[in-house]
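Working notes for the structure below.
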Amino acid sequence: MKQFSKIISYLFHPLLVPIAGTITYYILTPKYNTLATLSANIIPIFILTVVIPIIAFFILKNIGLINSIFIPNVKDRRYPLIINITLLAMVVLKIIPRYYSAELYYFFLGLIAASLAILVLSFLNFKGSLHLMGAGSFCMFLINLSVHFEINITLILSLFILATGVIASARLYLKAHNKAELIIGFFIGLISQLLTIKFWI
């Protein structure tokens with residue numbers, strides 16, 4: 001069970017939420033996008049939100065500021081969060097400005113807001129779950145896309161809600177978080193995306 005929980009924690013790592021949301025958007029959107037357009041957006045977003053944070057993790061680990069990719073210590077997560085927020089802001093400013101894709105633009109703004117909330121909580125010595133924050137953000141984004149494009153994705157949404165339960169169980173089993181940290185993390189992600197709805201739906 002411990003190994004399974006670790007695998008789930010890696011598969012649904014919060015670092016993967018931005019690229020997962022981007023790919024999901026392009027799969028669900030009825031708007032036509034050329035292959036060149038997809039490459040020009042997906043590849044830079046992948047580099048900024050996955051590749052660079054992983055490199056930053058190894059640098060931070062080598063200089064002794066963090067010791068695990070799951071950042072178990074509440075103080076250790078501050079540097080990675082600041083780096084992540086900066087990279088998300090670069091995506092918003094340089095890759096997907098509002099006039100290009102309002103859906104993705106506000107998805108990333110929601111992620112920035114959620115990450116800022118988790119960062120603030122870390123200074124209050126509270127370790128909100130980044131895994132559940134990511135799950136809540138992605139879940140609400142799916143709902144937003146479903147309403148916006150008037151498409152039925154009930155099955156996908158149901159499966160992801162089930163996956164969210166599995167993620168929460170895995171994090172509890174590994175004693176990475178308590179129930180309050182998981183619930184608050186989830187609702188931070190959910191509400192941050194919910195608040196963006198009025199701007200693009």
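- When hydrophobic clusters are built by joining Ile, Leu, Val, Met, Phe, Trp and Tyr residues whose side-chain heavy atoms come closer than 4.5 Å, directly or via intermediates, Leu162 is not grouped with Leu157.
- Heavy-atom minimum distance, Ala40 versus Ile95: O-CG2, 4.4 Å.
- Under the 4.5 Å side-chain heavy-atom criterion for ILVMFWY residues, a single connected hydrophobic cluster contains both Met90 and Ile82.
- Two residues are said to be in side-chain contact when any heavy atoms from C-beta on lie closer than 4.5 Å; Ser115 and Met133 meet this criterion.
- Here CG of Leu194 is found 11.0 Å from OG of Ser137. Values are rounded to the nearest 0.5 Å.
- The distance from the CD atom of Glu181 to the CG atom of Leu132 is 10.5 Å, given to the nearest 0.5 Å.
- In this structure, the side chain of Asn41 does not engage the main chain of Ser39 through any donor-acceptor pair within 3.5 Å.
- For the atom pair Leu116 CG and Leu111 CG, the distance stands at 11.0 Å (nearest 0.5 Å).
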side-chain contact (heavy atoms from CB on, under 4.5 Å) between Ile83 and Leu60: does it pass, once the steps are laid out? CA-CA 11 Å; Ile83 292 170; Leu60 292 173; 3.9 Å; yes

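- Going from atom CG of Asn144 over to atom SG of Cys139 covers 10.0 Å, rounded to the nearest 0.5 Å.
- In this structure, Tyr26 places its OH atom where more than 12 heavy-atom neighbours from other residues, nucleotides or ligands lie under 6.0 Å away.
- Considering only heavy atoms from C-beta on, Leu104 stays 4.5 Å or farther from Val92 through its side chain.
- The shortest distance between side-chain heavy atoms of Ser158 and Thr154 falls below 4.5 Å.
- At least one donor-acceptor pair closer than 3.5 Å links the side chain of His177 to the backbone N or O of Lys127.
- Exactly one of Phe160, Tyr25, Phe12, Phe107 qualifies for a ring-ring contact (aromatic ring centres under 6.0 Å, His included) with Phe138. That residue is Phe160.
- Heavy atoms only, all atoms of each residue included: Glu103 and His148 are closest at OE2-NE2, 3.0 Å.
- With rounding to the nearest 0.5 Å, the separation of CZ in Phe4 from CG in Leu11 is 9.0 Å.
- Hydrophobic clustering, with ILVMFWY side chains joined whenever heavy atoms are under 4.5 angstrom apart, keeps Leu93 apart from Tyr105.
- Contact record, Arg77 with Gly128: NH1-O, 2.6 Å, taken as the closest heavy-atom pair.
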Atom pairs and distances, side-chain donor-acceptor, residues 46-56, under 3.5 Å, sequence neighbours left out:
{"from": "Thr49", "atom 1": "OG1", "to": "Ile45", "atom 2": "O", "distance (Å)": "2.6"}

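- In summary, the side chains of Ser9 and Arg171 do present a donor paired with an acceptor at a separation below 3.5 Å, with no hydrogens or angles considered.
- A continuous path of hydrophobic side-chain contacts links Leu124 to Ile118 [ILVMFWY only; heavy atoms under 4.5 Å].
- Few gaps surround CZ on Phe126; more than 12 heavy atoms of other groups in view lie less than 6.0 Å from it.
- Counting heavy atoms from C-beta on, the side chains of Ile197 and Met140 come closer than 4.5 Å.
- Inter-residue side-chain proximity for Val91 and Pro18 is flagged as unmet; no heavy-atom pair is nearer than 4.5 Å.
- The minimum heavy-atom distance linking Ser5 with Tyr173 is given by the pair OG-CD2, 3.5 Å.
- Summarising the geometry, atom OG1 belonging to Thr164 is positioned 10.0 Å from atom CG belonging to Leu190; distances are rounded to the nearest 0.5 Å.
- For CZ of Phe187, the number of neighbouring non-hydrogen atoms (other residues, nucleotides, ligands) closer than 6.0 Å is 12 at most.
- Linking ILVMFWY side-chain heavy atoms closer than 4.5 Å, directly or via other members, places Ile27 and Ile153 in a single hydrophobic cluster.
- Between the Ser146 side chain and the Leu142 main chain, no donor and acceptor come within less than 3.5 Å of each other.
- Across Gly189 and Ser192, no two heavy atoms sit closer than the pair O-OG, 2.8 Å.
- With sequence neighbours left out, Thr196 forms a side-chain hydrogen bond (donor to acceptor under 3.5 Å, both in side chains) with Trp200.
- Leu119 and Ile85 make their closest contact through CD2-CD1, 4.0 Å (heavy atoms, listed as atom of the first residue, atom of the second, distance).
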